[in-house]
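Step one of this worksheet: look at the structure below.
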Amino acid sequence: MCGIVGYLGPRSATGVLLDELSRLEYRGYDSAGLAVLDRGRLRVVKTVGKVRALAALVERDPLDVHLGIGHTRWATHGRPSTPNAHPHVSTAGDLAVVHNGIIENHAELRARLTAGGAVFVSETDTEVIAHLLAAKLAGPAAGDVGRALLLAAAELRGAFAVAVVAEAAPDCLYVVRQQSPLVIGLGEGETFIASDIPAVLPYTRSVIVLEDGDVACVRAGSVMLSNLAGESVERPARHIDWDIHAAEKGGYEHFMLKEIEEIPAAVAQTLRGRIDPAGQVVAAELGLSDERLRAVRRLSIVACGTSYYAAMVGKAVIEKLARLPVEVDLASEFRYRSPILSDDQMVIAVSQSGETADTLAALREAKRRGVLTLGVVNVIGSSLSREADANWPTWAGPEICVASTKAYVTQLVALYLLALHLARLNGALDDAGVAEVTTALSTVPALLEQILAEREQIADMGRRYAHWEHFFYLGRGLDAASSLECALKLKEISYKRAEAYAAGELKHGPLALMTPEVLVFGLATQRELVDKTLSNLQEVAARGARVIGVVRAGDNVVTGQVDEVIRVPDADDLLMPFLTVVPAYLFTYYLSAALGREIDQPRNLAKSVTVE
Ligand code: F6R
């Protein structure tokens, strides 16, 4: 997500802040800024673009300052622009905040604060924090910035890590952490703040990792910690002994594993603020009226690679829940096949980067033909998100590994929520039907944590099968759609031959390939189809192939029918695409690591495919 930094001490604060920000560059961002106290007065510098653009602005007007905060932004609420870049300031311009996370109740706070005289200059959710703090400072907190932060935090809903600099507190910075990471680096007579450890490592290896609900008053060389009730808490400083390169990956050897581990949080983030207390989908951010969406009677999804496979799952789910026909096209084929498009259609472009040339071209073709377009994109401010008529973003955060993992899973979340919204609008589901599925979706992060906690069995399988050459993923229904993504991931990272087939297709050709050299993953999680899939697996076992069954926990039907079993948590059939893909990602990762592959940058591949 975004990056937060802070510094207090004898060095040049702008120098340290810019250096800290540049150490967060690997995370990707679209704008950057900093706020410092210059002889007691707040000064803010911010710009769209890279840290070097910010550095150029600072160089033009150097500041001799020793306390400040900084930020790199990854747009969520509001496009990348200078007004939307952090820090955000109060109307009086006497305090500034930087923030990571999402403030769910920003709309109601904004309305209230505006009525109270606050002047908003950005489209961000973050700006409400600056105005809320100012209101508390002028009111009940009576000039005490720490108290104002506690009062403000009590009114914020969502995830946030916030750092505050205020003229009213000229020798300290305040921070609060709620579900968004924040660390404090302790130096000799100086203190560093960052959302990620690598930013502070060149300066100190002594780091306090804040926990949810921690608030800190940070001075040069000292830190006072409390909880949200203002009661003092203690957090031990840890000694960090990773090198910087490893620290960027949070101690992981590869971004791929780090990003797989981030999947539960990415799912939670993509759900956040989109389900109301009654379990209904909140779709205001689409900016499309109910009438406009009710007029949509057909959907077409265009995408490439992994995003295309997310679309395949999305098709099955939208058709099942919303009872609307969905076509899925490879974006590279769409415009060349003269697609039949109509006024009652919506074209959805799914893309992690939002810059994939074929997907953009498909979107433009749909727009040229006058059809409503919707972007399901992870990078706000990307070409696709700017050009689509409406957006329904995924909030996976920056994905560094070339192979997509967490972005794929959040694409599923976005498409499921869209399916539910459309289902409610056209009457295919009633409120109770929608609430049943949203309740199930809310359990996905915890179910995925369970899979990750039990990964050793899969890691062991990955290592044991590292020298096999031929792999198949088979399944029916949603399992068939998931198989496609499982096989793609194995191909691109391990360079092994991996195929995916709907299990019912076996007899129509691929059965000829089944020999004892083949490892088959049989995804058999769909209740109505499990028997049929299992009998297909017996057919491949009879040809000598080795079979690993992927089944729900508690399903003992496979004992004796397959060679090994991976059990995923028992849950609704609809949730299985989430629960089968993560074991497949882990299998790919550990198998490829055992082979010493270039996991984060597989040969011949690029993260953003901006040419046809
Ligand atoms: C595979 C992978 C690619 C991308 C594809 C589309 O792991 O990442 O197949 O999914 O290049 O990219 P986006 O989603 O950025 O449009």
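We count ligands from 1, going down the list as the structure has it; atoms in each ligand are counted the same way. By convention here, the first residue in the shown sequence is residue 1. Since this is a predicted model, take the numbers as computed values, not measurements.
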For [X] and [Y], take the angle between the two ring planes, folded into 0 to 90°, and tell me which bin it lands in: parallel under 30, tilted 30 to 60, perpendicular over 60.
| X | Y | answer |
| --- | --- | --- |
| H99 | H86 | parallel |
| Y501 | F472 | parallel |
| F521 | Y473 | parallel |

Would you say T306 has any N or O atom under 3.5 Å from an N or O of ligand 1, going by distance alone?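 Yes, there is a polar N/O contact under 3.5 Å.
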
Judging by distance only, is a nitrogen or oxygen of S404 under 3.5 angstrom from one on ligand 1? yes

At what distance is the nearest protein heavy atom to [atom], and which residue and atom is it?
| atom | result |
| --- | --- |
| atom 6 (C) of ligand 1 | C304 O, 3.4 Å |
| atom 11 (O) of ligand 1 | V609 CG2, 4.0 Å |
| atom 15 (O) of ligand 1 | S353 OG, 2.6 Å |
| atom 7 (O) of ligand 1 | E492 OE2, 2.5 Å |
| atom 12 (O) of ligand 1 | T356 OG1, 3.4 Å |

Step through it carefully: locate the ring centre of Y590, locate the ring centre of Y585, and say whether they are under 6.0 Å apart.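 So the answer is no for these two rings.
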
[X] neighbourhood, listing ligand 1 atoms whose heavy-atom distance to it stays under 4.0 Å:
| X | result |
| --- | --- |
| Q352 | 13 (P), 14 (O), 15 (O), 16 (O) |
| K489 | 1 (C), 7 (O) |
| A403 | 7 (O) |

Under 4.0 Å between a Lys/Arg side-chain N and an Asp/Glu carboxylate O for K258 and E261? no

For ligand 1, does E355 get within less than 4.0 Å through its side chain, its backbone, both, or neither, judged by non-hydrogen atoms? neither

Just heavy atoms, cut-off under 4.0 Å: does V402 contact ligand 1 by side chain, backbone, both, or neither?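 For V402, only backbone atoms sit under 4.0 Å from ligand 1.
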
Has R497 got its NZ or CZ under 6.0 Å from the middle of the six-membered ring of F471, at an angle within 45 degrees of the ring axis? no

Cation-pi geometry met for K489 and Y589 (6.0 Å, 45°): no

A quick test of your reading: do over 12 heavy atoms of other residues, nucleotides or ligands sit less than 6.0 Å from CZ of R546? yes

